[in-house]
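Structure record follows, encoded as structure tokens.
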Amino acid sequence: MNNNEEITTKELVLLFRKCLLELVSKWYLFIPIALFFSAFLFYQHFNYEATFNAQSKFIIEGQSGGGSLAGILGQIGIQRNSGKTNPYKVLEVTRSSVLAERVLFSKMPDGIIIANQIIADYDFYEKWKESTNKNLLGFVFKDSLNINDHTDMIAFKAVISLLWGSESNRENAICSINFREESGIFVLDVNSINEDLSLELGNNIYRNIVHFFEEEIFENHVESVNVLYNKMMKMDGEIEELTYRLSKFDDSSRNLSSSLEDSKKYNLQKDLQVKTAAFAEIVKMYELADYNLKDLKPMFMNIKSPMGPLSKTKSSLLIVLAKSAIFSFFLWIIWVLGVFRYREI
């Protein structure tokens, strides 16, 4: 070890000793800092509002890619998407105002609209006292949202903001949904101050997600399948009628032969042959379309549903004390040594 290194080491030791002595001499500054943090954290603890957590977990299975089937189905007017349901589409649809409207205008077990329950539980009337729109005082939603009513829309947007938060801040929202890429599991959490509200929101949101992706999004496909089915049944009836007429014709013209009778019989046989060939094609198209619909539809599998009684979140006094001690200790060190270093300069 050379002289420069020995001097540097000595300086570090001396500096450490000075800092330690400075901290010891300023120990009393820890008290006001600790009191400040303790007062703040204790205030949060004693004013903590417990919430009830309703959590759902689900996965989406049952879809496959298009392959050669897409080209065949395209010929009969059925478009086939490729690949599985985009998980980020599920997240966006879940947080959309369209889905929120359906959820918020569902009813609680006691018949109250969920949106009105949120307004009452979260004291929106107190917040709206300062609003210039006096119609918000005592406001309640009717059975459905009136998009042409200015007051309805203001209240609706306020409730949605509490329900899902905003694009930039979802921290204090009642609901949250996340996708775990490593496991492919969607997690829907609802945390509200009302146990019944948490349960109803959790179950309603999940039901509406499933209905949208399993039913609504495939309405055009279902309509195409139904059209093919109706054509198939109609043609089946026509073939039955032609078969009956041909059979009846054979019975009535038995042992009789003429060019006119032969011509009638030939025409009936020709019609039956054409109808049968067309029927076979329609049956094939129907089976392909029906298979495509079943194959395309995602299958939602609920692996965890919220069930009462729900657990209530609590604020721990021990955690509050630990946080207060840690924050106070580090702020005390930074403050004392910062002032000490400033004086040294």
Side-chain angles (χ1 to χ4, degrees), residues 48-63 83-122 141 145 156 158-167 169-218 294 296-315:
Y48 178 78
E49 199 165 31
T51 59
F52 295 89
N53 176 256
Q55 187 179 79
S56 299
K57 292 183 179 180
F58 59 92
I59 57 176
I60 304 175
E61 297 290 347
Q63 286 185 303
K84 297 183 178 181
T85 300
N86 187 327
Y88 299 102
K89 182 192 290 185
V90 176
L91 299 182
E92 288 302 317
V93 169
T94 303
R95 299 185 189 117
S96 68
S97 59
V98 173
L99 213 69
E101 181 181 348
R102 296 174 188 176
V103 171
L104 292 172
F105 285 88
S106 302
K107 291 187 177 180
M108 299 283 291
D110 56 6
I112 297 175
I113 292 172
I114 289 178
N116 289 334
Q117 187 70 53
I118 292 174
I119 289 172
D121 287 347
Y122 286 87
F141 287 106
L145 179 67
F156 180 62
V159 174
I160 286 184
S161 179
L162 177 63
L163 191 69
W164 289 110
S166 63
E167 290 286 343
N169 182 17
R170 301 191 187 279
E171 187 176 347
N172 297 316
I174 293 176
C175 304
S176 67
I177 183 168
N178 297 288
F179 176 65
R180 297 176 180 172
E181 293 188 16
E182 68 280 359
S183 60
I185 294 175
F186 291 88
V187 181
L188 172 65
D189 277 298
V190 180
N191 291 284
S192 82
I193 58 177
N194 182 326
E195 183 178 10
D196 290 336
L197 178 61
S198 290
L199 284 168
E200 286 302 313
L201 279 173
N203 290 320
N204 262 291
I205 291 170
Y206 177 73
R207 281 198 298 267
N208 276 281
I209 295 171
V210 173
H211 179 72
F212 181 86
F213 283 99
E214 286 191 356
E215 303 298 332
E216 285 187 55
I217 207 169
F218 292 102
K294 291 175 181 176
L296 267 182
K297 271 190 175 184
M299 182 173 64
F300 281 69
M301 301 178 67
N302 197 353
I303 57 178
K304 182 183 179 182
S305 298
M307 293 182 291
L310 299 176
S311 58
K312 184 189 288 189
T313 58
K314 296 179 180 179
S315 176

Using the test ring-ring contact (aromatic ring centres under 6.0 Å, His included), find all partners of F300 that sit at least two apart in sequence or belong to another chain. F58
side-chain hydrogen bond (donor to acceptor under 3.5 Å, both in side chains) with S106: which residues, sequence neighbours excluded? N204
Heavy-atom donor-acceptor pair, Y122 side chain to I193 backbone, under 3.5 Å: yes
Answer yes or no: is there a donor N or O on one side and an acceptor on the other, between the side chain of N116 and the main chain of F141, under 3.5 Å? yes
Any idea which heavy atoms bring G202 and L188 closest together, and the distance? O-CD2, 3.8 Å
Of all heavy-atom pairs linking F52 and L310, the shortest is CD2-O, 3.8 Å
Between the side chain of S161 and the main-chain N/O of A158, is any donor-acceptor distance below 3.5 Å? no
Under a 3.5 Å threshold, yes or no: a donor from one side chain and an acceptor from the other, between N169 and S166? no
Output all residues satisfying salt bridge (charged side-chain N to carboxylate O under 4.0 Å, His left out) with E214, sequence neighbours left out; order by chain, then residue number. none
Which residues pass the side-chain hydrogen bond (donor to acceptor under 3.5 Å, both in side chains) test with E171, sequence neighbours left out? none
Tell me every residue that passes side-chain hydrogen bond (donor to acceptor under 3.5 Å, both in side chains) with R95, counting only those two or more places apart in sequence or in another chain. none
Provide the closest heavy-atom pair for K107 versus E200 in the form atom of the first, atom of the second, distance. O-OE1, 3.8 Å
So, S192 and S198: side-chain donor and acceptor under 3.5 Å apart, yes or no? yes
Working to the nearest 0.5 angstrom, can you tell me the gap between I185 CD1 and S56 OG? 12.5 Å
Applying salt bridge (charged side-chain N to carboxylate O under 4.0 Å, His left out), can you list everything that pairs with E167, at least two apart in sequence or on another chain? R170
Value rounded to 0.5 Å, distance of CD1 in I177 from CG in D189: 9.5 Å
